[in-house]
Amino acid sequence: MFEHYLRNRIKKGPGKTWLDQLPFHVAAQTCEAFGLLLTLGPKARRETVTPAQWAAAGTAGYGVLRHGPDAFREKLKEIQRAHPVDNTLYRTRYRVFFEWLRHRDDDPQFDVIRDLVREFIFRNFPISEGYIVLGQPCPEQYVHSLSTARSRYGMSGWKLARRLASMGLAERKTSGQGFVLTGYVPTEIINDIATDFDDLLNAADAGKHLGVERFMMTKLTKPGLVEKYFDEKNASPMYHPRDLDGFLGKLRARVERPKSEDLLDIATASHRVRIPTERVVEIILRNRLPLHAVDPATTRFPDFRVSLALLREVIATDHHGTVRPTRAAKILGINIRTIRSLMDKGILESCDVEELKSGRMRRYVCAKSMERFSKSHISVVELATKSRRMPGVEAVIQLDRGAQPLPLGPRANMIFRRHDVACS
């Protein structure tokens, strides 16, 4: 394949691809040198490569480079991902290819390859600002390892590692001692974490932020209603105001005009129904129960009010992690036939629940699947509300635009995938 490509270039001249636009000797040598890395690994020695190995290397390199610079970068990234993140330099990963490229610095026609490789290294390895790679200084540090972030920002490596683990960017070593990154971390994320560290609150101060005592902070934290900044089980509870405000924001989003007079604060209501406060909060959020607050913009946790009668009604049919189909229909703004059809199709997950009052097994909707569904799908009724058109008119417009509704049962509401429709 590679030899055929070279013969064609000699006979017919270059084509229009990225590889064809490179000078002949640059294209040929780059295919071979990069191919050596792919076929024999970074420790290969060019002086001991046999003619057959050169031929195989050229074919391997050409197989990547013929698809252009993006394929070249992706293969470099693939090689990087194949090795665990550690303190070894990029030269260790690409040695035979990198050393070959360094020895072409007297030929400016290799600049296009040099520039591409250099930019890749700058953006994918923890290269400090000003460090010279292939003859040029790094303009800024784009990614960090744990050690470079520690030294650059002067932050606790232990705290940094735990936060990155909370974000899914690090994991504990198999020995249980310390952490290892899943990939080098973008500088923007490290900057954000460094700023966050200055704003962290302990449990007592976080409780003051929400307007609750420390014991209540523990109750709200345990089920994950309030997010800890470090989610490691043994880590001291620390909180960021952003996450505390996010929790209050979920409650504030439930505030409506009160339709009943039996309004109680959540803690008192939980005492009346003899259910822990944290579970009552879960029930309120899962079932989207209306709340009351005098000034939603400044309301803290003790100031929210819930209808005791409505709470009792929902508790009677609420089961951990599930929602009664009729309630699910009300929450999603669709009819019960649509809910049942979505469960039949597996679009909404369901599970069989034994109802306490009747003792019958009923099919309930998984609350988490409802959340996923509402993010990825939209009903024609909701579309019509957004566009201020009649649902029938909205349906015709979306169908004319080529949007395909979900194949649901008869008399079900029309449901579209959000990315398939124009919501304006």
Side-chain angles (χ1 to χ4, degrees), residues 18-19 21-23 25-38 41-46 61 64-65 68-157 160-161 164 169-170 180-195 197:
W18 174 77
L19 187 62
Q21 299 309 303
L22 300 177
H25 72 290
V26 173
Q29 290 184 40
T30 303
C31 285
E32 291 177 331
F34 189 54
L36 277 185
L37 175 64
L38 302 179
K43 295 181 180 180
R45 297 177 60 186
R46 298 176 66 246
V64 173
L65 298 174
D70 288 341
F72 189 13
R73 294 186 191 94
E74 179 54 34
K75 182 57 71 171
L76 290 170
K77 189 68 178 177
E78 184 181 311
I79 294 169
Q80 182 190 28
R81 286 194 294 258
H83 298 77
V85 174
D86 52 28
N87 294 322
T88 58
L89 296 175
Y90 55 90
R91 292 190 187 91
T92 305
R93 317 286 178 89
Y94 313 111
R95 177 170 290 145
V96 66
F97 176 65
F98 189 79
E99 292 301 321
W100 164 81
L101 190 55
R102 282 182 58 199
H103 287 100
R104 295 297 176 276
D105 58 5
D106 59 343
D107 187 343
Q109 291 189 311
F110 281 90
D111 281 349
V112 63
I113 303 298
R114 236 185 324 269
D115 293 345
L116 187 154
V117 173
R118 184 193 305 113
E119 182 69 11
F120 175 85
I121 290 171
F122 284 163
R123 292 187 175 274
N124 290 276
F125 287 87
I127 307 300
S128 58
E129 181 178 344
Y131 187 86
I132 304 296
V133 174
L134 296 173
Q136 296 293 330
C138 183
E140 61 178 289
Q141 185 156 353
Y142 295 99
V143 296
H144 281 275
S145 66
L146 285 174
S147 59
T148 61
R150 260 196 326 265
S151 60
R152 169 67 178 81
Y153 294 85
M155 64 176 75
S156 162
L160 173 62
L164 292 173
L169 299 175
V180 61
L181 295 180
T182 56
Y184 293 119
V185 184
T187 297
E188 294 82 359
I189 291 178
I190 300 296
N191 285 338
D192 290 343
I193 292 174
T195 302
F197 280 3

Item to complete: Measure the shortest side-chain to side-chain distance between H144 and L181 over non-hydrogen atoms and say whether it is less than 4.5 angstrom.
Response: no
Item to complete: Using a 4.5 Å cut-off on heavy atoms from C-beta on, say whether the side chain of N124 contacts that of L76.
Response: no
Response to the item:
One should read off an interatomic distance between F72 CZ and F120 CZ, to the nearest 0.5 angstrom, of 9.5 Å
Worksheet entry | F98 side chain near R93 side chain, heavy-atom distance below 4.5 Å | no
Worksheet item: Between A33 and F97, what is the shortest heavy-atom contact and its length?
Response: C-CD1, 3.8 Å
Response to the item:
Nearest heavy-atom approach of L65 to W18 is O-CE3, 3.8 Å
Practice prompt. Using a 4.5 Å cut-off on heavy atoms from C-beta on, say whether the side chain of I113 contacts that of L22.
Written response: yes
Fill in: Derivation and outcome, side-chain contact (heavy atoms from CB on, under 4.5 Å), residues L134 and R102
CA-CA 6 Å; L134 296 173; R102 282 182 58 199; 3.5 Å; yes
Worksheet entry | Intermediate values then yes/no, side-chain contact (heavy atoms from CB on, under 4.5 Å), Q141 and R152 | CA-CA 10 Å; Q141 185 156 353; R152 169 67 178 81; 5.7 Å; no
Worksheet item: Are K75 and E78 close enough for a salt bridge, meaning some N to O gap below 4.0 Å?
Response: yes
Worksheet item: What is the minimum heavy-atom distance between A161 and A170, and which atoms define it?
Response: O-CB, 4.1 Å
Practice prompt. May I ask you to decide if the ring planes of Y94 and F125 are parallel, tilted or perpendicular, using 30° and 60° as cut-offs?
Written response: perpendicular
Discussion item. Can you confirm if the aromatic rings of Y153 and F197 lie within a centre distance of less than 6.0 Å?
Written reply: no
Fill in: Stepwise side-chain contact (heavy atoms from CB on, under 4.5 Å) check, D111 with R114
CA-CA 5 Å; D111 281 349; R114 236 185 324 269; 2.7 Å; yes
Fill in: R91 and E99, any side-chain heavy atoms less than 4.5 Å apart
yes
Worksheet item: Looking at P137 and G130, what are the two nearest heavy atoms and their distance?
Response: CB-O, 3.8 Å
Discussion item. Please determine whether side-chain contact (heavy atoms from CB on, under 4.5 Å) holds for the pair I79 and L38, giving the CA-CA distance in whole Å, both sets of side-chain angles, and the decisive distance to 0.1 Å.
Written reply: CA-CA 9 Å; I79 294 169; L38 302 179; 3.9 Å; yes
Worksheet, complete the sentence: d(L116 CG, I121 CD1) to nearest 0.5 Å is 10.0 Å
Worksheet item: Between R95 and K43, is there a donor-acceptor pair closer than 3.5 Å when you use the side chain of the first and the backbone of the second?
Response: no
Worksheet item: Below 4.5 Å, heavy atoms only, C-beta onward: do E32 and W100 meet side chain to side chain?
Response: no
Worksheet item: Can you check whether T30 reaches L19 side chain to side chain, under 4.5 Å on heavy atoms?
Response: no
Practice prompt. With the side chain counted from C-beta on, respond yes when D107 and H25 share a heavy-atom pair under 4.5 Å apart, and no when they do not.
Written response: yes
Item to complete: Could you grab the distance from atom CG of L36 to atom CZ of R45, nearest 0.5 Å is fine?
Response: 13.5 Å
Worksheet item: Salt bridge check: are E74 and K77 linked by an N-O gap of less than 4.0 Å?
Response: no
Worksheet item: CG of D192 to OG1 of T187: how many Å apart, nearest 0.5 Å?
Response: 11.0 Å
Worksheet item: Which residue pairs pass the side chain to side chain donor-acceptor pair (under 3.5 Å) test when at least one of the two sits in residues 128-138, sequence neighbours left out?
Response: none
